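Just below is one structure, and these are the notes that go with it.
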Amino acid sequence: MVILGFEEKEFFASGHRACAGCGETIALRHVLKAAGEKIIVVQATGCMEVVSTPYPETSWEVPWIHCAFENAAAVASGVRAALNMKGDKETKVIAMGGDGATYDIGFGSLSGAFERGTNFLYVCTNNEAYMNTGIQRSGATPEYTSTTTTPDGKVIHGKVGVKKPLPFILAAHGTKYVATASVTNLFDLKKKVQKALSINGPTYIEVLVPCVPGWKIDASATLDVAKSAFDTNAFPLFEIENGVLTITSKPEARKPIHEYLVMQGRFKHLNPEQMERIQKGVDEHFAFLESIQGKKIFETLL
Amino acid sequence: MVEIKVISGADAIAQAVKLCKPKVLPMYPITPSTLIPERISEFVNNGELNAEIIYVESEHSAASALFGIYATGVRSFTATASQGLAIMHEILPIISASRFPAVMAVANRALSGPLNIWNDHSDAMSERDQGWIQLYCETAQEAFDTTIMAYKIAETEKVSLPLMVCIDGFSLSHVYEPVQIEDAIKVDAFLPEYKPVVVLDPKRPVTFGPVAFPNTYFEFKEAEEKAMLEAAKVIEQVHAEFAKKFGRTYGNGLVELIEMKDAEYALITVGGTTGTAREVVTELRKKKKKVGVIRIKSMRPFPAEQLRAALKKVKTLGVIDRHASLGFGGALSNDVKSALQGQKIIVEEFVAGLGGRDISKSRLHDAFETIIKGKKGYWLK
């Protein structure tokens, strides 16, 4: 049965050990519902593996495999090739990892799998820091964010430097489909997952997933914060299909970034000047996206 | 059709791999193992081997893909050396704990610091605790034969452990020798198709690679240890079966005894050094010296029992170690001493051949002279 556009059937059983209000598990549940049963999931080390598979228990009702932190794309390459040689073209391979696994330590194996044209979907559940190890900065952590390795100190206030533009880097590999999504818009996520899985070749979807302890928000605020990320253009939703960028949805009236930042403990140290700088960055980035919308910005090589 | 080809040790492994018909091969080249992926690429591109090669971007990904391939239930293979094996380190125990019977060739090469591409055993010896069976070869023919045996040993259900086929970099990987390439039908009869126990399959979902807490992790390791001990028996059995079918033997598959019946002084070797040691023994025997050589073929599982049984008359052993456990001997000599605990045999260690330094006959004569005269072992430079 389909309820509110999603399969009633769960592929990720309840009773796992994720935090109350975990954004990542919401994304994961709905990616699975969108993908259906004929899949194999390859998971990078991170919260999701730890909370869902304490041996001998498992939350996974689809075939699932985990190896290490930095190699989900390489393991997926092996799974895909083996399926091909078994004559199984039907089963889809989905690799998943957090932003640490995807942006940083697993970047080489991810790039390699995309360069080889591996037929799989890579889903990055991005909560903008290494949450599993206790909220350390990552290549996806926004500027000024307070993490345990970029604390708000007397001299240095949060993260120095900006986010790595990973969706663009992967699109520049000649990828046919790259998209961003958010737990605040699950229908959009579903559509993007299904589109990605219909494409032969590597595809990438990055989902913004608020983290309750990492972002220092209330367990009940996960979706509100994700919604605010959308409303303020902090995390724009777009897709790059065959090299052409489309902003898939945008707020009717962009809200000030201040609203998003004050909801979260990780930004509580920001002064008005820093907030203004963030506002400027967000607006410039969105204007850039609008300026390239509808144009072929990358060649599709694969 | 059986044919004899004059080929290198690396080529011999590639030829054997072709006969074992892996379906997917993740490959990343590194000296001195490069000829293996090159040759296999030729086989695949010429339609001689029906397989897909994954041209991974690092050895770490080669090992990772190997893991994914076995989880999906098809036979695989990869090859590496030195830094390549070192970068795989993280994944090696994950493959063995998952009980995937992967086969990998290692063209043994010194580990960097300083960079060096020549042979010693520091790469594979550093991985001896990772749950992989390690079989070392002396000749190209043995490399060919061991590769075929490797799949059968690793895939025996009660073993289900990965296996490294080790050949000396350059001094075997690049040395041309006549190799009898066995008939494909005969190899098929010896090595049945790979039948995995559990695989990733949407029809029957399973979870691979969970997190194990202190209440369960220990049992995984215990099961691997049992399988490793079982492997010692299976290696002997498979070797005996191979000998019967193909007519070649390498000791008992685990250890080879050379002139050991009445030997009072013996050297222990691994890999290609054995060939030189054989000649030295022949020369010393002519001078009525009661000397012999014990070649360890299986470093893991370590043939401790067979070693003890072979040493009935031995007074002093000299261990030729192509690896240094800096600060305390070498892997091989430490294992030998451990295996001989409680026995009245003197063990002298000779760290030798590091970074491709030649282990000449005169060096081995020196080692024999040292132990015969009751002197201490030393770094045999």
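Treat the numbers as computed from the prediction; the structure is a model and nothing was measured. Residue numbers start from 1 in every chain, and the chains themselves are labelled A, B, ... in the order their sequence lines are given, proteins ahead of strands.
- More than 12 heavy atoms of other residues, nucleotides or ligands lie within 6.0 Å of NZ in A/K164, so this atom counts as buried by the packing criterion.
- At distances below 3.5 Å, not a single donor-acceptor pair connects side-chain atoms of B/T207 with backbone N or O atoms of A/W64.
- More than 12 heavy atoms of other residues, nucleotides or ligands sit less than 6.0 Å from atom NZ of B/K186.
- Looking at every heavy atom in both residues, A/A68 comes nearest to B/I91 through CB-CD1, 3.9 Å.
- By number of non-hydrogen pairs under 4.5 angstrom with chain B, the leading residue of A/P54, A/G78, A/A72 is A/G78.
- Surrounding CZ of B/F218 are at most 12 heavy atoms belonging to other residues, nucleotides or ligands under 6.0 Å away.
- At a 4.5 Å heavy-atom cutoff, the contact between B/V206 and chain A is made by backbone atoms alone.
- In this structure a side-chain-to-backbone donor-acceptor pair under 3.5 Å is present from A/H66 to B/G209.
- Using a 4.5 Å cut-off between heavy atoms, B/E90 touches chain A through its side chain atoms alone.
- Between the side chain of B/K23 and the backbone N or O of A/N84 there is no donor-acceptor pair closer than 3.5 Å.
- Counting non-hydrogen atoms of neighbouring residues, nucleotides and ligands closer than 6.0 angstrom, the CD atom of A/E10 exceeds 12 such neighbours.
- Per-residue heavy-atom pair counts under 4.5 Å with chain B were compared for A/V42, A/T45, A/I65, and the maximum is reached by A/I65.
- When each of B/A212, B/S76, B/P26, B/P205 is scored by its heavy-atom pairs under 4.5 Å with chain A, the top score falls to B/P205.
- Here the closest heavy-atom approach between residue B/N50 and residue A/M85 is recorded as O-CE, 3.5 Å.
- The minimum heavy-atom distance between B/T72 and A/V79, with the atom names listed, is OG1-CA, 3.4 Å.
- Ranked by non-hydrogen atom pairs under 4.5 Å with chain A, the options B/S98, B/S58, B/P210 are led by B/P210.
- For A/T91, the part lying under 4.5 angstrom from a heavy atom of chain B is the side chain only.
- In this structure, B/K221 places its NZ atom where more than 12 heavy-atom neighbours from other residues, nucleotides or ligands lie under 6.0 Å away.
- At a 4.5 Å heavy-atom cutoff, B/L66 makes no contact with chain A through either its backbone or its side chain.
- A/Y55 and B/Y217 have their aromatic ring centers separated by at least 6.0 angstrom.
- Neither the backbone nor the side chain of B/Y70 has a heavy atom closer than 4.5 Å to any heavy atom of chain A.
- One finds the CD atom of B/E57 at 7.5 Å from the OG atom of A/S77 (value rounded to the nearest 0.5 Å).
- Using a 4.5 Å cut-off between heavy atoms, B/I94 contacts chain A through its side chain alone, with no backbone atom that close.
- Contacts of B/T216 with chain A are made by side-chain atoms alone, with heavy-atom separations under 4.5 Å and no backbone atom involved.
- For the residue pair A/E49 and B/V211, the shortest heavy atom distance occurs at OE2-CB, 3.5 Å.
- Neither the backbone nor the side chain of B/N215 comes within less than 4.5 Å of any heavy atom of chain A.
- Of the two parts of A/L83, the backbone and the side chain both hold a non-hydrogen atom closer than 4.5 Å to a non-hydrogen atom of chain B.
- Heavy atoms of A/E37 lying under 4.5 Å from chain B belong exclusively to its backbone.
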